[in-house]
Amino acid sequence: MPPARITVEADGRLNVPDVPIIPFIRGDGIGVDIWPAAQAVLDAAVAKHAKRIEWLPVLAGQQAFDEVGTWLPEQTVTSFRDHVVGIKGPLTTPIGGGFRSLNVALRQLLDLYVCLRPVRWFRGVPSPVKRPDKVDMVIFRENIEDVYAGFELEEGTDGAKRLIEFLHGEYGWDIRADSGLGLKPVSVTGSKRLVRAALHYAVSHGRRSVTLVHKGNIQKFTEGAFQKWGYELVRDEFADVAVSWDDCGGKPGERVLVKDTIADIFLQQVLTRPDEFDVIATTNLNGDYASDALAAQVGGIGIAPGGNINYVTGHGVFEATHGTAPKYAGQDKVNPGSLLLSGVLMLEHLGWQAAADDVVRALEATIGEGIVTYDFARLTEGATEVKTSEFASAIVDRL
C-alpha cells in the first residue's frame, strides 16, 4: 500500500490508511538517542499487524534554528496540521526572546486543548512510594488557557504601570507598583470541552470516576467556575452515564461518579490513597504540577507519556514529557520510555489498539526481567544495565 495522509470525519473520527504519513520531530539533546529507539519499537509493533508508518521528518527547536534560522518553522506547524497526527521528542526552549516555550506554541497554534497524561506503574520500575501499583490515573489537563496563555506584563514597563493604575481606579485594587502582572483566563468553552473529553474517555474506557481538581476555594471566578461548569456539563450532557457526588451521595450505581477536590488536598491524597482516583480533569497549571508529581510516584517523568489532542478536529501531537538533557546527548544511555509510551498513546489515537497493547506488554516484560537503562539500574538490585538502543532491541525481541 502506498503512503497516504490521515483524514478526519466531521465528528472528529480519523480515517487511518494502512500506511499513514506521520510527521516527527527528532528532538534536541537526547532526542538523537531516544527517537531511533522509540521508532524501532513502534515500527516493529505495527508491522506485526500488517501496518507501516511513513515517517516524515520536520524541524523545531535547536536543530531548526541551526539549519533554517527559526525555532519553529511555519512548515512544521503546517505539516502537523495537514497530517493530523504527529510525534515529537524534547525541544530546547529559546533563551532571550522568541517563543517562551515551543511546546506551548504548538499546542496553541493547533488548538490542542487536552494534555493527556496517563500515569501507571510498570512492574519492576523503582519507586519512592510503598504501593506504586495503586497509581492508575489518566490526567486531562486543560492545555490552552490559565496562566500558560502567556498574557503577562513585565514589572516596570509602561503597560504594567498603566494596567496597575487602571485596576486601582476601576476596581480599587491596590497592587504594588513594582509588580509584574499576568492574566488567568478560564472560559466556559475551554473548561467544558476539557471536562467533556475526560467524561467521554471515562465512559468509553470503563473508568469509575472523574475528579475535578481546582483551587476554587480561593480563585472563585476562575477555578471555582471550572468546577461549577464541569458539574453543569455532567447534568446537561451526561446524566444518563455520569452523576455528581452531590446528586447520588457517592453511590453512582452503573454511572461514572463525578467529584471534585482542592488541588493541594489532591496532592496529599494521591500519596495517601491513590486508588480513590481514576480520571482527573483540571486546569492548566494544576495539571502541570499534578502530572509530574504523580509521575514521580511511578518512576519519574523519564517513563511518563504525554499527548496533546483536539478531540473535535482529531489532531494530536504526542511528546516526551521530559527535557533535552544535553549532557547525555549522543551517549546511547538514557531511558526512551517517555517517548515510546507517547508513541503508544499515538497508536491508540490512530485506533491501532492491538499494536499499542503489544508495546506495553513487551516494555513491561523487559523491565520485569531487570533489563533497564542506567536510571533504573542504579536503583534496582540485580538489574542488567543496557544502552538506549539495547533496551529498544530487548523490547522488540519481546513483541
Side-chain angles (χ1 to χ4, degrees), residues 22-42 55-73 75-77 79-80 86-110 112 115-117 141 143 148 150 287-289 291-293 295-296 299-308 317-346 372-378 386-392:
I22 294 182
F24 75 94
I25 300 169
R26 183 194 69 190
D28 297 323
I30 56 173
V32 69
D33 301 303
I34 63 174
W35 170 251
Q39 181 184 349
V41 177
L42 295 173
W55 298 106
L56 175 66
V58 294
L59 296 175
Q62 190 67 54
Q63 184 185 11
F65 187 78
D66 292 344
E67 293 188 21
V68 298
T70 183
W71 293 96
L72 184 59
Q75 182 180 354
T76 296
V77 179
S79 184
F80 279 130
I87 189 168
K88 57 177 282 296
L91 295 177
T92 300
T93 297
I95 297 174
F99 297 98
R100 67 181 62 219
S101 165
L102 296 175
N103 295 327
V104 172
L106 274 172
R107 294 165 188 167
Q108 293 179 341
L109 288 168
L110 297 173
L112 304 174
C115 181
L116 180 68
R117 293 284 297 270
R141 166 191 168 196
N143 223 8
Y148 280 32
D288 199 3
Y289 293 152
S291 55
D292 279 11
I301 58 173
I303 199 170
N308 304 286
V317 176
F318 300 84
E319 64 183 358
T321 59
H322 52 69
T324 60
K327 70 177 182 179
Y328 293 116
Q331 297 183 28
D332 197 18
K333 182 176 182 177
V334 298
N335 192 336
S338 177
L339 186 56
L340 176 57
L341 288 170
S342 298
V344 168
L345 294 182
M346 183 188 75
V372 292
T373 48
Y374 88 101
D375 54 326
F376 290 168
R378 62 186 176 178
V386 295
K387 298 178 180 179
T388 308
S389 56
E390 294 170 338
F391 185 59

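Put simply, the side chain of M346 does not reach to within 4.5 Å of the side chain of F24, judged on heavy atoms. Side chains of F318 and P305 form no contact here, defined as non-hydrogen atoms less than 4.5 Å apart. Between R107 and V104, some side-chain heavy-atom pair lies under the 4.5 Å cut-off. In this structure, the side chains of D292 and R117 come closer than 4.5 Å at one or more pairs of heavy atoms. The shortest distance between side-chain heavy atoms of K88 and N308 does not fall below 4.5 Å. Inter-residue side-chain proximity for T373 and V334 is flagged as unmet; no heavy-atom pair is nearer than 4.5 Å. Residues V32 and R26 meet the side-chain proximity criterion, which asks for heavy atoms closer than 4.5 Å. Residues L56 and S79 are in side-chain contact: their nearest non-hydrogen atoms beyond the backbone lie under 4.5 Å apart.
Shortest non-hydrogen contact noted between I25 and A60 is CD1-CB, 3.7 Å. For the residue pair P36 and G31, the shortest heavy atom distance occurs at CD-O, 3.7 Å. Of all heavy-atom pairs spanning S338 and A304, the tightest one is OG-O, 2.5 Å. The two atoms that bring G323 and P90 nearest to each other are O-CB, 3.4 Å, heavy atoms only.
Between Y374 and Y328, the distance separating the two ring centers is shorter than 6.0 angstrom.
To the nearest 0.5 Å, the span separating CG on D332 from CG on D33 amounts to 6.0 Å. Expressed to the nearest 0.5 Å, how far CG of L106 lies from CG of N143 amounts to 10.5 Å. The CG atom of L42 sits 9.0 Å away from the CD1 atom of I22 when rounded to the nearest 0.5 Å. I30 CD1 to T324 OG1: the interatomic distance, rounded to the nearest 0.5 Å, is 7.0 Å. Here the straight-line distance linking atom CG of L109 with atom CZ of F80 works out to 11.5 Å at 0.5 Å rounding. In this structure, L102 CG and L91 CG are separated by 5.5 Å, a value rounded to the nearest 0.5 Å.
Counting only distance, with no hydrogens or angles, the side chain of S291 and the backbone of G287 share a donor-acceptor pair below 3.5 Å. Here the side chain of T388 pairs no donor or acceptor atom with the backbone of I34 at under 3.5 angstrom.
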Carefully, step by step, assess F65 and T92 under the rule side-chain contact (heavy atoms from CB on, under 4.5 Å). CA-CA 10 Å; F65 187 78; T92 300; over 6 Å; no
Between V58 and Q75, is the side-chain contact (heavy atoms from CB on, under 4.5 Å) condition met? List the steps. CA-CA 8 Å; V58 294; Q75 182 180 354; over 6 Å; no
side-chain contact (heavy atoms from CB on, under 4.5 Å) assessment of L339 paired with I87: CA-CA 9 Å; L339 186 56; I87 189 168; 4.1 Å; yes
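Residue Q331 qualifies as enclosed at atom CD: its count of foreign heavy atoms under 6.0 Å is above 12.
Using cut-offs of 30° and 60° for the angle between ring planes, the W35 and W55 rings count as perpendicular.
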